[in-house]
Number of protein chains: 2
Amino acid sequence: MQERSAIASSATEDYVKVIYSHTEWQPEPITSSVLAARLGLAPSSVTEMVKKLAAAGLATHVPYGAVTLTSEGRSLALRMLRRHRLIETWLVESFGYGWDEVHDEAEVLEHAVSDRFLEAIAGKLGHPLRDPHGDPIPRADGSVEQPDAVLLADAPDGFSGPVVRISDRDPALLQYLGDQGFALDSVVTVVERRPFGGALAVRLDGAGFDLGDEATRAVWLGAGSS
Amino acid sequence: MQERSAIASSATEDYVKVIYSHTEWQPEPITSSVLAARLGLAPSSVTEMVKKLAAAGLATHVPYGAVTLTSEGRSLALRMLRRHRLIETWLVESFGYGWDEVHDEAEVLEHAVSDRFLEAIAGKLGHPLRDPHGDPIPRADGSVEQPDAVLLADAPDGFSGPVVRISDRDPALLQYLGDQGFALDSVVTVVERRPFGGALAVRLDGAGFDLGDEATRAVWLGAGSS
DNA sequence: CCTATAATTTCGGTGTGCCGAAAATACGTG
DNA sequence: CACGTATTTTCGGCACACCGAAATTATAGG
């Protein structure tokens with residue numbers, strides 16, 4: 001029998017969160033090198049730490065292969081995502097942070113606040129189910145509403161639908177998209193895909209512009225029409 | 001020339017805060033063993049860490065003697081006290097925490113929140129100058145209003161004055177005093193000092209009771225009358 | 001002033017989490 | 001299928017902050 005839910009270190013919480021987050025966007029499990037890149041660490045550090053996660057019963061690891069979470073690891077990850085996203089929502093709603101400014105603050109606070117405190121802010125916010133970027137906020141019991149959505153990069157020409165989610169990975173991109181008028185629920189229409197891997201022409205609030213590869217792979221559109 | 005204000009570790013912040021706090025109550029500088037006791041650490045750990053504080057230009061240390069802060073150390077300490085006390089105030093005002101419940105949460109958050117965040121809550125609270133225990137909150141520029149007050153243990157018989165400060169060191173004591181009706185600004189009158197180091201009889205809101213040594217050395221009364 | 005006791009420091013050691021360099025393994029291409 | 005490249009792991013090391021045991025220094029009482 002493994003150690004039953006010993007208190008996880010801040011590092012452990014970060015690893016687990018990143019491992020889980022990856023599967024939110026991509027079905028394939030994450031590899032060491034991607035994990036290292038996301039965490040900004042050397043690959044060797046990741047290998048070592050993943051071994052510890054496995055020893056703690058939070059992850060399983062095929063040597064030279066992928067890293068997967070156990071159900072215990074997944075539940076810790078969901079707990080951390082709930083914390084991160086509730087805190088982000090709260091910073092925007094109650095403190096006037098912009099959606100491009102919340103990430104770093106939430107990154108620190110998610111490890112620091114108590115459950116009591118967290119649930120207090122959840123209550124104040126009316127137990128929201130999505131954060132300022134449209135990311136779903138797991139409930140305290142670990143259940144999540146995964147919105148079905150199509151990546152803007154994958155949307156067919158003519159497709160039109162509301163923005164339901166925007167990746168918060170790159171604050172600069174968030175700021176740029178915000179400046180262009182992108183917001184949750186604003187309706188985007190795919191006008192034309194420029195040939196040879198070029199930009200994607202879209203229309204938003206009547207105005208049209210081109211989006212590069214990075215941007216179109218960071219925006220999800222909800223149920224719409226072709 | 002020393003390292004100019006490199007970012008202090010959480011441990012450093014704690015040491016400096018405790019060293020400073022001690023001088024708030026007692027004029028003599030703190031010794032290693034008291035520091036160790038306050039921090040809940042082994043004396044040997046403290047010796048070692050104090051050496052690092054000295055190397056960082058935050059403290060000076062006479063071997064086998066006292067630990068004192070440099071002006072740089074003092075300013076870091078004041079910064080941490082401002083954080084701690086603002087957060088405590090905020091937890092009470094905005095989250096319904098009791099004054100005996102805020103300490104642990106604040107202890108963690110004080111190392112985690114950004115300056116931007118801290119000043120946002122300071123603004124929300126109207127830039128208060130004292131926390132729920134009556135402890136003075138340093139201003140952002142490092143200045144502090146030290147209320148002049150007399151320790152209940154030192155007050156003469158017949159002395160009467162408002163509670164201006166209660167030590168937050170022992171949550172259980174805070175809870176007890178709260179239950180007895182003690183609050184900031186409630187007026188306490190010293191009735192009689194029982195002989196042979198006995199309890200102190202006081203009167204509060206018409207009711208009278210005896211307080212032991214520990215309690216009378218945790219309560220300060222403001223300008224009053226004998 | 002000298003000694004017993006108390007406070008402090010030194011010393012060797014621990015756990016966590018990180019790194020770079022070198023070795024091991026996997027994988028695509030010819 | 002064999003070989004070169006890319007990925008992953010192993011290994012030795014480091015910084016931080018902690019510990020207990022042993023050695024050192026301070027201090028109070030006789």
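Chain identifiers are assigned alphabetically (A, B, ...) following the order of the sequence lines, protein sequences preceding nucleic acid strands; residue numbering begins at 1 within each chain.
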Handout entry: Polar pair under 3.5 Å, donor/acceptor by atom type, side chain A:S45, base C:dG17
Key =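 Looking at the base of C:dG17, it does not pair with any donor or acceptor on the side chain of A:S45 (distance under 3.5 Å).
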
Can you tell me if [X] touches the phosphate of [N], counting only side-chain N or O atoms and a distance under 4.0 Å to OP1 or OP2?
| X | N | result |
| --- | --- | --- |
| A:T31 | D:dT7 | no |
| B:S44 | C:dC11 | no |
| B:Y15 | D:dC18 | yes |
| A:K51 | D:dT9 | no |
| B:K52 | D:dA15 | no |
| B:T47 | C:dT9 | yes |
| A:S33 | D:dT8 | yes |

Can you check the [X] [atom1] to [N] [atom2] distance for me, whole Å?
| X | N | atom1 | atom2 | answer |
| --- | --- | --- | --- | --- |
| A:M49 | C:dC19 | CE | P | 12 Å |
| B:L35 | C:dT9 | CG | C1' | 14 Å |
| A:Y64 | C:dT25 | OH | C1' | 5 Å |
| A:H61 | C:dA26 | NE2 | P | 11 Å |

Select one nucleotide: of [options], the one nearest the side-chain heavy atoms of [X].
| X | options | answer |
| --- | --- | --- |
| B:A42 | D:dC19, C:dG17, D:dC18 | D:dC19 |
| B:A11 | C:dT25, D:dC18, C:dT9 | D:dC18 |
| B:E48 | C:dC18, D:dT8, D:dC18 | D:dC18 |

Problem - Cationic N near anionic O, under 4.0 Å, A:D131 to A:R82 - result: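 No salt bridge links A:D131 with A:R82.
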
Problem - Lys/Arg-Asp/Glu bridge criterion (N-O < 4.0 Å) met for B:E110, B:K17 - result: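 Answer for the salt bridge query: yes.
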
Exercise for the section: On DNA chain C, check which nucleotide each of A:P63 and A:L41 is closest to and give me the residue with the more 5' one. Expected result: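 Whichever sits nearer the 5' end wins; that is A:L41.
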
Exercise for the section: Would you indicate whether the side-chain heavy atoms of B:E88 and B:I137 approach each other to under 4.5 Å? Expected result: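 Answer no - side chains too far apart.
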
Problem - Whether over 12 other heavy atoms sit under 6.0 Å from B:D148 CG - result: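 No - once you tally the heavy atoms of other residues, nucleotides and ligands closer than 6.0 Å, there are 12 at most.
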
Problem - Minimum-distance pair of heavy atoms, taken over all atoms of B:P128 and B:T89 - result: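 Closest pair (atom of B:P128, atom of B:T89, distance): CG-CG2, 4.3 Å.
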
